[in-house]
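Encoded as structure tokens, the structure appears first; notes follow it.
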Amino acid sequence: MDKLRIVGGTPLNGEIRISGAKNSALPILACTLLGDTPSTVQNLPHLHDITTMIELFGCMGIQPIIDEKLSLEVDANTIKTLVAPYDLVKTMRASILVLGPMLARFGKAEVALPGGCAIGSRPVDLHVRGLQAMGANIKIEDGYIKAEIPSAGLHGTTFMFDTVSVTGTENLIMAAALAKGKTILQNAAKEPEVIDLANMINQMGGHVTGMGTDTITIEGVGHLQGTTFSVMADRIETGTYLVAAAITGGKVKLKDTDPSILEAVLIKLQEAGANIDTGRNWIALDMKGNKPKAVNIRTAPYPAFPTDMQAQFIALNSVAEGIGKVTETIFENRFMHVYELNRMGAQILIEGNTAIVKGVDSLKGAPVMATDLRASASLVLAGLVAQGETLIDRIYHIDRGYQCIEEKLQLLGAKIKRIAG
Ligand code: EPU
């Protein structure tokens, strides 16, 4: 198993390019299943989760064509098997995103039921209930969601999410795009990745309106055509590199990103003492050599502070001036990084769903273990500022969501190296 070795203490300095968003690329790839003709997806990040999605297509009989720029052409007409097997779903929960499109386009889908994961129980009941409200016959059997449409096909409906769900909203938008009549999704997710997906469907000839608000309306159409679509920038990768600069007292410019979708994160970075400058597709951060100030955070669905940036801000608070309280409201078990950060000398106490982080003068490098994607990112950030060497084990979690993390950090001057294991 590969490890990352980091020698901390260098303020990051320089410019890097942000990759396409994992959490947009996954639903966009699933959406290609809806088209009568092939679709091409551009700006795909080179990540393990994307490879898993391609592998899943392979299992279903679809062989996407990749060109030298990593654009992927998917022809859903070659599908042979309407099953997403447990072996793949257990490695990537987002495989559930093929459920809605497979059912709407091909009339049947069997997707292994994802179990709990390192950050919480993460049920998919809302995906299932929403599809049932559109007329799907669904049974949960042998660890699989087995879904079929009635002979008359899926029909439009009004569905209210009890809890805001990002992939739940995405699954139902994709199914509704080919259902008969109008579907209204209430308390829908407002995340920019949902807007990206809705834009793709509209480009394919669909009728989705209200994306970016909590009420999304989908007028079903008989057919969707393939299209060429470029995935939006990764706001969480952007936020992670901004924190990397802030935690080390550095100065960076991130290109090919979008400051308008990072407002809650940028506000907190400014509160932490960062000078931020933005253009249409870039963000620059300069700490002017200062130590960060502690900030209070409460995660919530977009446009509030993202849960996917919580771990990184706990790392930032751990070396900040003062005490920062970080409350996690989306997932019940997303504090695994805290125990590893404490091993590096952080002073973090957990009380219920709040982490109370007392900034220390310095962290000390240590061997630590990554437990999930964003938790691993927080350990990298801590390693960048810690005295001495940090060795991070189980970095396959990082490779799921950060393209070439060590190369990008090296470009910014970090002393980081991958050790093949
Ligand atoms: N929930 C239910 N029932 C459902 C669906 C969700 O109770 O049927 C609950 C979940 O247990 C959770 C809350 O609703 O408490 C929100 O979960 P959501 O469904 O929004 O999460 P997700 O769609 O599974 C996506 C991202 C996550 C990100 C969350 C929240 C993708 C592929 N994944 O997950 O990304 O944390 O939204 O913003 O889009 C990551 O990138 O590291 C990551 C975990």
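One-based numbering, in listed order, for ligands and for the atoms of each. As a basis for the values below, the full set of heavy atoms in this structure was taken, side chains included, without hydrogen atoms, waters or symmetry mates.
When non-hydrogen atoms are compared, ligand 1 lies under 4.0 Å from neither the backbone nor the side chain of Glu170. Using a 4.0 Å cut-off between heavy atoms, Thr307 contacts ligand 1 through its side chain alone, with no backbone atom that close. Residue Asp125 touches ligand 1 through backbone and side chain together, judged by heavy-atom distances below 4.0 Å. Looking at Arg122 against ligand 1, both its backbone and its side chain come within 4.0 Å, counting heavy atoms.
A salt bridge is defined here as a Lys NZ or Arg NE, NH1 or NH2 lying under 4.0 Å from an Asp or Glu carboxylate O, and Asp399 with Arg394 fails to meet this definition. Salt-bridge formation is detected for the pair Lys255/Glu15: a Lys NZ or Arg NE/NH1/NH2 atom is positioned less than 4.0 Å from an Asp or Glu carboxylate oxygen. A salt bridge is absent between Arg334 and Glu328: the closest approach of a Lys/Arg side-chain nitrogen to an acidic carboxylate oxygen does not fall below 4.0 angstrom. Between Asp308 and Arg235, no side-chain nitrogen of the basic residue sits less than 4.0 Å from a carboxylate oxygen of the acidic one, so the salt-bridge criterion is not met. One finds no salt bridge joining Lys22 and Glu237 here, because no Lys/Arg side-chain nitrogen approaches an Asp/Glu carboxylate oxygen to under 4.0 Å.
The shortest side-chain heavy-atom distance between Cys59 and Leu88 falls under the 4.5 Å cut-off.
Here is the list of ligand 1 atoms found below 4.0 Å of a heavy atom in Lys22: 40 (C), 41 (O). Listed by number with element, the atoms of ligand 1 under 4.0 Å from a non-hydrogen atom of Val164 are 14 (O), 16 (C), 20 (O). Residue-ligand proximity, Thr167 to ligand 1, at heavy-atom distances under 4.0 Å covers atoms 22 (P), 23 (O), 24 (O), 31 (C), 32 (C), 39 (O). Residue-ligand proximity, Val124 to ligand 1, at heavy-atom distances under 4.0 Å covers atoms 4 (C), 8 (O).
Looking at Gln403 and His48, their side chains never bring a donor and an acceptor atom within 3.5 Å of each other. Using modelled atom types, one finds a donor on one side chain and an acceptor on the other under 3.5 Å when comparing Arg105 with Asn77. Side chains of Ser39 and Thr227: no donor on one and acceptor on the other come within 3.5 Å.
Considering backbone and side-chain N/O of Val166, one or more are found under 3.5 Å from N/O of ligand 1. Of the polar atoms of Ala94, none of the N or O atoms is found under 3.5 Å from an N or O of ligand 1, judged by distance alone. Of the N or O atoms in Leu373, none lie within a sub-3.5 Å distance of an N or O in ligand 1.
Ranked by closest heavy atom to atom 13 (C) of ligand 1, the top entry among Asn23, Thr163, Ile236, Asp162 is Thr163.
The closest protein non-hydrogen atom to atom 12 (C) of ligand 1 is Ile330 O, 3.5 Å. Summary of contacts: the protein heavy atom closest to atom 8 (O) of ligand 1 is Leu126 N, 2.7 Å. With respect to atom 19 (O) of ligand 1, the closest heavy atom belonging to the protein is Ser165 OG, 2.7 Å. Looking from atom 36 (O) of ligand 1 to the surrounding protein, the closest heavy atom is Asp308 OD1, 2.6 Å. The protein heavy-atom contact nearest to atom 21 (O) of ligand 1 is Phe331 CZ, 3.9 Å. Shortest contact from atom 41 (O) of ligand 1 to any protein heavy atom: Arg374 NH2, 2.7 Å. Closest protein heavy atom to atom 5 (C) of ligand 1: Pro123 O, 3.2 Å.
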| query | How far apart are the C-alpha atoms of Ile62 and Asp75, what are their side-chain angles, what is the distance that settles it, and do they pass the side-chain contact (heavy atoms from CB on, under 4.5 Å) test? | reply | CA-CA 7 Å; Ile62 303 171; Asp75 182 358; 5.7 Å; no
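Residue Asp196 holds its CG atom at 4.5 Å from CD1 of Ile28, rounded to the nearest 0.5 Å.
Note on ligand 1: Arg334 sits in its first shell, one or more heavy atoms being nearer than 4.0 Å. Residue Arg93 places no heavy atom under 4.0 Å from ligand 1.
A donor-acceptor contact shorter than 3.5 Å links the side chain of Ser95 to the backbone of Met92.
Between Tyr144 and Tyr86, the distance separating the two ring centers is not shorter than 6.0 angstrom.
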